[in-house]
Amino acid sequence: MDSYYTVSEYGEDEIVEKKSRFIARAYPIRSEEEALSYLEEIRKRFWDARHHCYAYVLGKNSELQRFSDDGEPQGTAGKPILETLMGNHIHDTLMIVTRYFGGTLLGTGGLVRAYGSAAKAGLNAAKIEQVCAGISFHLELDYNSIGKVKYILGQMDRIQENENYGASVSMDLIVKKENFSNLKGQITDITGGKAFFSNERDVEFRQKVESFSDCDTMF
């Protein structure tokens, strides 16, 4: 699995262009039915808006892509929203941009810029996660090794699900797949081969991105 990004929590923001309001709403989605349900909800709640343009991408390889100009000139709304998602490697996400017309025509170029800018503002307002291949595993250690192992773990991205202290110390961890082999070797070396790894399996590794601008610098 290649690394990609997804919206993990809803975000909303607004831009104004020549008195037209463009309100962007970003949603995490798992299915096309979920996307259409959110869209229907927005259409009902904000029935007085001129347009509800949208785009969504589903699947780690962008297997499903949909967009709509919802009455705007062809190619001026849904496509720039979709391009904002695709250009930033955003998957499993729905972006709806609602427009309240301000009385001034923006022209095709102005609309493309406005819808693209609104979509990016919506992503900035949302919580973003990086998703990549990971390994989940159970680790058992003796008490003499725990300090050294925790130091190594502290140097890398990880998700720690459990930590138990009994006759030995045990942890359930998820790390990026690309780091697992090296980590296993280091822990085996510093524990003299006494660390016990079990329940190793492939999973998704999900890591929060502190700001949307971070996504641009990682590709």
Side-chain angles (χ1 to χ4, degrees), residues 2-131 209 211-219:
D2 293 329
S3 177
Y4 65 88
Y5 296 92
T6 185
V7 167
S8 60
E9 294 181 29
Y10 172 82
E12 178 181 328
D13 203 355
E14 176 180 338
I15 69 167
V16 177
E17 187 68 30
K18 294 183 179 178
K19 298 184 180 180
S20 280
R21 297 171 58 205
F22 295 84
I23 305 165
R25 299 176 173 91
Y27 300 84
I29 55 171
R30 294 294 184 182
S31 68
E32 188 166 24
E33 290 75 19
E34 189 175 11
L36 296 176
S37 176
Y38 282 130
L39 181 60
E40 184 63 21
E41 176 189 346
I42 290 299
R43 283 172 170 162
K44 288 180 178 178
R45 286 177 57 196
F46 304 102
W47 55 268
D48 56 336
R50 178 71 67 91
H51 306 281
H52 298 291
C53 305
Y54 67 88
Y56 56 88
V57 180
L58 281 163
K60 66 181 182 181
N61 295 312
S62 306
E63 291 89 346
L64 182 64
Q65 303 171 33
R66 297 284 187 270
F67 64 90
S68 171
D69 296 313
D70 193 34
E72 293 282 30
Q74 185 175 358
T76 62
K79 189 173 181 180
I81 297 170
L82 179 66
E83 288 175 346
T84 299
L85 298 178
M86 296 295 293
N88 291 284
H89 305 271
I90 303 290
H91 300 237
D92 297 333
T93 295
L94 163 68
M95 179 70 69
I96 304 171
V97 180
T98 296
R99 182 188 182 189
Y100 284 91
F101 183 56
T104 302
L105 297 175
L106 301 182
T108 55
L111 286 172
V112 169
R113 288 189 294 273
Y115 278 102
S117 296
K120 187 159 187 177
L123 288 179
N124 272 314
K127 300 293 185 183
I128 306 291
E129 285 183 335
Q130 182 190 18
V131 184
V209 175
S211 67
F212 174 63
S213 60
D214 293 341
C215 301
D216 300 325
T217 63
M218 299 182 75
F219 292 91

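Here the structure is a predicted model, which is why all the values come from computation and not from measurement.
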Report yes or no: is the cationic atom of Arg25 (NZ for Lys, CZ for Arg) under 6.0 Å from the centre of the six-membered ring of Tyr38, at an angle within 45° of the ring normal?
no
Would you say the side chain of Lys60 lies within less than 4.5 Å of the side chain of Val131, judging by non-hydrogen atoms?
no
Which heavy atom of Asp69 sits nearest a heavy atom of Ala77, and at what distance?
OD1-N, 3.2 Å
Between Tyr27 and Ile42, which heavy-atom pair has the shortest distance, and what is it?
OH-CD1, 3.3 Å
Between Thr84 and Pro80, is there a donor-acceptor pair closer than 3.5 Å when you use the side chain of the first and the backbone of the second?
yes
Apply side-chain contact (heavy atoms from CB on, under 4.5 Å) to residues Thr104 and Lys19 and explain how you reach the verdict.
CA-CA 7 Å; Thr104 302; Lys19 298 184 180 180; 5.7 Å; no
Could you check whether any side-chain N or O of Ser8 sits under 3.5 Å from a backbone N or O of Lys127, counting only pairs where one atom can act as donor and the other as acceptor?
yes
How long is the straight-line distance from CD1 of Ile128 back to CD of Glu9, given to the nearest 0.5 Å?
10.5 Å
Can you tell me how far the CZ atom of Arg30 sits from the CG atom of Leu94, to the nearest 0.5 Å?
14.0 Å
Spacing of Ile15 atom CD1 and Lys120 atom NZ [to the nearest 0.5 Å]
12.5 Å
Are a donor atom and an acceptor atom from the side chains of Thr6 and His91 found within less than 3.5 Å of each other?
no
Quick one: pull up CD1 in Ile29 and CG in Leu64 and give me the separation to the nearest 0.5 Å.
8.0 Å
If you measure only the distance, is there a donor-acceptor pair under 3.5 Å linking the side chains of Tyr100 and Asp48?
yes
Correct closest heavy-atom pair for Leu58 and Glu32 would be CD1-N, 3.4 Å
Separation of Arg66 CZ from Leu39 CG (nearest 0.5 Å):
13.5 Å
All heavy atoms of Asp92 vs all of Tyr4, minimum pair found to be OD2-OH, 4.1 Å
The side-chain hydrogen bond (donor to acceptor under 3.5 Å, both in side chains) partner of Arg99 among Glu72, Glu17, His52, His51 is Glu72
For a quick test of reading the model, state the closest non-hydrogen atom pair linking Ala26 to Gly122 and the distance between them.
CB-O, 4.0 Å
Rounded distance [0.5 Å steps], OG in Ser68 versus CD1 in Ile81:
9.0 Å
Taking CD in Glu63 as the centre, count heavy atoms belonging to other residues, nucleotides or ligands within less than 6.0 Å. Is the count above 12?
yes
Do Asp13 side-chain atoms and Ile23 backbone N/O form a donor-acceptor pair below 3.5 Å?
no
Give me the atom names and distance for the closest heavy-atom approach of Glu34 to Ser31.
N-OG, 3.1 Å
Among residues at least two apart in sequence or on other chains, which ones pass side-chain hydrogen bond (donor to acceptor under 3.5 Å, both in side chains) with Glu12?
Tyr10
